[in-house]
Amino acid sequence: MTERPLLTQRPAWAALQAHFARIQKVHLRELFAADPARGSRLTAEAVGIYLDYSKNRLTEETLQLLFALADACDLRGRIDAMFRGEKINITENRAVLHTALRAPRHATILVDGHNVVPEVHTVLEAMRAFVERIHTHQWKGFTGKPIRNIVNIGIGGSDLGPVMAHEALRFYAQRDLNFRFLSNVDGTDFAETVRDLDPAETLFIVCSKTFTTLETMTNAASARQWLLAALRDPASVARHFVAVSTNAAEVRKFGIDPANMFGFWDWVGGRYSMDSAVGLATMLAIGPQHFRDMLAGFHAMDEHFRTTPFPQNLPVLLGLIGIWYGNFFGAETVAVLPYDQYLKRFPAYLQQLTMESNGKRVTLAGVEVDYQTGSIYWGEPGTNGQHSFYQLIHQGTKLIPCDFIAFCQSLNPVGRHHDLLMANVFAQAEALAFGKTADEVRAEGVPEWLVLHKTFPGNRPSNLLLLEKLTPFTLGTLVALYEHIVFTQGVIWDIDSFDQWGVELGKVLASKIVPELEAAHEPDLQHDSSTNTLIRRYRRFTKPPTP
Ligand code: G6Q
């Protein structure tokens, strides 16, 4: 590993710090007053996304300094390395090639000297053929009934993408298929998922890269039992279960015909896998053509990210603006606020993408950082959030940069609804930036004792992403946009955005505690006193001492 200075020791960092000291108090009102063209100048547009970043607390100089930081961190070289298939996930010694999942058929992307693009298209073709068999009822359940219910069993990266895409693209979905997503090991999730389903009409997709994940395998085993209790023949499993996995041996052991296994590869991280075979439920919902359109959207953003100079590069701009707030203003969170009901699961999806990727505190060279890394992402669709947590963003003590996402056309035009929705998103960004001064409040005749309560400080930054319409293509561009924002920030922070060791410890400890909860006789507990007491208390309810 080549020696690199820690981020905070770079001259480009010091330059940003000095600049921050000069600009931190400047109000967006002043910035807009000084430059009447700011609102149209500080914008960028690519692949159908119009980005207005003018309501950020920055100037041209800030941007130049941020680009200089990106250059010092070799962002260009690192982008190229990812797209070339270099093993940039160093702690797992893996290439990071979700971009290959949406590469066109003729592309060549080498992993260990082997072109992976043909395999990607072979799997997509197998998915297409399977989806068509389900849609045309050629694939029937064991008793001859057509499949009407699809249950995706998976967790984390094998759940959140399919769930989000199913919600986001519901407008384009086959309405005669009923989709459910089972993830939690809590038996309630299983019970409520299958409660009103007919096993003879239900297909389970067991979606697990490793096919060993505790939650998924526990749910899959319960689903198998549930099916067999009704259909009473082990041969039925092959008609009602298919798998998305890299582990053919375990898939076969479960009773799924490996011919009905849709594969992916170790160079696809779970949280970057919604456009791989993990998207089988998505393709079943929206059909192969819409799925291809979604991949085209991902690819369009990939190409934009790979080839566009930084000042017009949407993921680079947004990634660097995020660094500006997190590392200089000390902001700890980012609110993602989609003004589209179909995107209601988008913030939850982004939480895994961003926080599992950049929630790291050790550099690629193995040194502990002395700066903030990954932000906390959260959010809810507008306008709902306006009637709950926006209060804190407007008038609280914390700086929360916001990403607003909105579409000019509604998929469901109903009366004036869309104008009202859009008026709200524009108004929120305006109110956050410019606020309402004490003098403006006084001018309304508000008594002096109430003036401060009714004052809005403003100077609260936001980005606004304005798109024409939510389609499979635009969803692809949006997801890829955030994937590459994560990448950009991971490069600046010099961390491995593609491992997830933080998930491991809890898993190991849980597997140790399971036998202690289930043992017939009082186990010899060797945990800390808190954990021991909790285990004993739980056992008193589940294993009352025999008289
Ligand atoms: C994502 C993570 C994690 C993973 C799940 C499910 O990047 O690796 O969320 O997707 O733990 O793993 P399996 O697909 O192997 O069941």
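Indexing begins at 1, ligand by ligand and atom by atom, following the structure's order. Nothing here was measured: the structure is a model prediction, and the numbers come from that model.
At least one side-chain heavy atom of L467 sits under 4.5 Å from a side-chain heavy atom of L478. Within the 4.5 Å cutoff, the side chain of L197 has heavy atoms near those of the N178 side chain. Side-chain atoms of V47 and T474, non-hydrogen and from C-beta on, never get closer than 4.5 Å to each other. Taking the side chain as every heavy atom from C-beta outward, Y349 and Y482 never approach each other to under 4.5 Å. Considering only heavy atoms from C-beta on, H484 comes within 4.5 Å of T99 through its side chain. The shortest side-chain heavy-atom distance between L203 and F241 does not fall under the 4.5 Å cut-off.
Aromatic pair W267/Y272: ring centres not closer than 6.0 Å. Taking the six-membered ring for Trp and the full ring otherwise, F407 and Y339 have centroids separated by 6.0 Å or more.
Here the heavy atom of the protein found nearest to atom 15 (O) of ligand 1 is T210 OG1, 2.6 Å. The shortest contact between atom 1 (C) of ligand 1 and any protein heavy atom is with E356 OE1, 3.0 Å.
Residue G270 has at least one heavy-atom neighbour below 4.0 Å for each of these atoms of ligand 1: 1 (C), 7 (O), 10 (O). Near R271, meaning under 4.0 Å from one of its heavy atoms, ligand 1 places the atoms 1 (C), 7 (O). Listed by number with element, the atoms of ligand 1 under 4.0 Å from a non-hydrogen atom of S208 are 13 (P), 14 (O), 15 (O), 16 (O). Against a heavy-atom cut-off of under 4.0 Å, I155 is close to the following atoms of ligand 1: 5 (C), 6 (C), 10 (O). Residue G156 has at least one heavy-atom neighbour below 4.0 Å for each of these atoms of ligand 1: 9 (O). For ligand 1, the atoms lying closer than 4.0 Å to a non-hydrogen atom of T213 are 12 (O), 13 (P), 15 (O), 16 (O).
Between E215 and ligand 1 there is no heavy-atom distance shorter than 4.0 Å.
Of the candidates M217, K209, Q352, Q352 brings a heavy atom nearest to atom 3 (C) of ligand 1.
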Verdict with reasoning, D196 to R180, per salt bridge (Lys or Arg N to Asp or Glu O under 4.0 Å):
CA-CA 11 Å; D196 52 353; R180 305 253 165 110; 2.9 Å; yes
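Contacts between Q500 and ligand 1 below 4.0 angstrom, taking non-hydrogen atoms only, involve the side chain exclusively.
Using a 4.0 Å threshold on non-hydrogen atoms, atom 10 (O) of ligand 1 counts as touching the protein.
Close N/O approach between G157 and ligand 1 is found [any backbone or side-chain N/O within under 3.5 Å].
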